[in-house]
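To start, the structure under review is shown below, and the notes come after it.
What you see is a predicted model; the values in this text were computed from it and never measured. Letters go in sequence order (proteins before strands), and every chain restarts at 1.
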Amino acid sequence: MTYEQTLLIAKAIVLAGQGIGAGLALIAGIGPGIGEGYAVGKAIETIGRQPEAKSSAQQTMFVGCAVAESTGIYGLLVGIILLFVNPFLGRLE
Amino acid sequence: METLLAEDFSTELDVSVVGPRKMIQIAFGDFTLDISETIVTGWLIIVVLFILMKWLTKDLKVVPETKRQVIAEYIVEFFNNTVKEMMGESMVKFAPYIATIFTFALTGALVSILGFRSMTVDINCTGTWAVMTFVLITYYKLKNNGAGGYLKSFAEPVIFITPINILSEVATPLAMALRMFGNMASGMIITSIVYAFLTVLSNVVYNALSLQALEFLNYFHIFQIGIPAALSIYFDFFSGVIQSYVFIMLTMVYVGQAAGANDA
């Protein structure tokens, strides 16, 4: 095999790895999904029980959801970087 | 069979995600100062907001006579009340800072509706705001506890936990910056993927209807009308408003905690 062919195969392996890695990184979305759903459910319960606390429950819920989302966002960023920035292709040479 | 008059429309999915463009480059010897699209958009927003605020607060009266003044008072009241609610009565001095961050972040996120690149789709921009908040937090911790007390607070409750405390201190601004950037960037990427997909879909339909001769269809994709607008409402508008709101909320919570004046 020539050097170019080896490089091509190496590139293909790297690209495949990046694709699989991006897909795996987005599994991080499951946790925040469950967590936020739970938080919203609890907030609705609170509003049902105490309608006068609606605005403060909503406020706290939004902030809590945003904080719970961070881990999902980190996974998403890793996925985006793997898909669009191709950080490992440059290390082949 | 006759040869086609024109080429088929391209049906290749072309998604390219790029960072902010460099608009101006100023060289100081070896060092080049890049002024990116984000900064130029920021300048434009600052000018527009400045003119708007000047206009809103023009000849104020004790009893409002114009709608303009009612709107201005409503905005100021809203921020004063939010800050009082979240941080306590004595922290109202923070209202201008919170209002500035919120207005800037909101307009910075919503400029994408006008076709600019959203300011918040740049980690440098959200990072700057997060660092500003971090400086405020640290300033108030130092002011309230003194340098010794500040350093000692890292070793609480037990000395072994110091690395974790330092990590969580650094993670605060990092999480704030990444949260806003990640939300807005994912919206932008999904929107650009949808645009690319709709281009391909339109081209496939044009090819099937053999409309290859019509040159202008290269720039006019029928499915791009209306469909991206629904996505834009969620990703640009909803996400932009929520993330700006969350950003100021977290700023208020963290700074309020550090200042320790929560008498609400």
Can you classify the ring geometry of Tyr97(B) versus Phe94(B) as parallel (below 30°), tilted (30 to 60°) or perpendicular (above 60°)?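 The rings of Tyr97(B) and Phe94(B) stand perpendicular, inter-plane angle above 60°.
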Ile45(B) side chain near Thr103(B) side chain, heavy-atom distance below 4.5 Å: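 No, side chains not in contact.
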Could you tell me whether the side chain of Thr38(B) reaches within less than 4.5 Å of the side chain of Asn124(B), counting heavy atoms only?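 Side chain of Asn124(B) against side chain of Thr38(B), heavy atoms only: no contact under 4.5 Å found.
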Checking heavy atoms, do the side chain of Val67(A), its backbone, both or neither come under 4.5 Å from chain B?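 Both backbone and side chain.
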Heavy-atom distance under 4.5 Å to chain B: side chain of Phe84(A), backbone, both or neither?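 Just the side chain, heavy atoms under 4.5 Å.
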Given that the side chain runs from C-beta out, which part of Leu178(B) has a heavy atom under 4.5 Å from chain A: side chain, backbone, both or neither?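 Both backbone and side chain of Leu178(B) come within 4.5 Å of chain A.
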For the ring pair Phe102(B) and Phe79(B), is the centre-to-centre distance below 6.0 Å?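 Under 6.0 Å, so yes.
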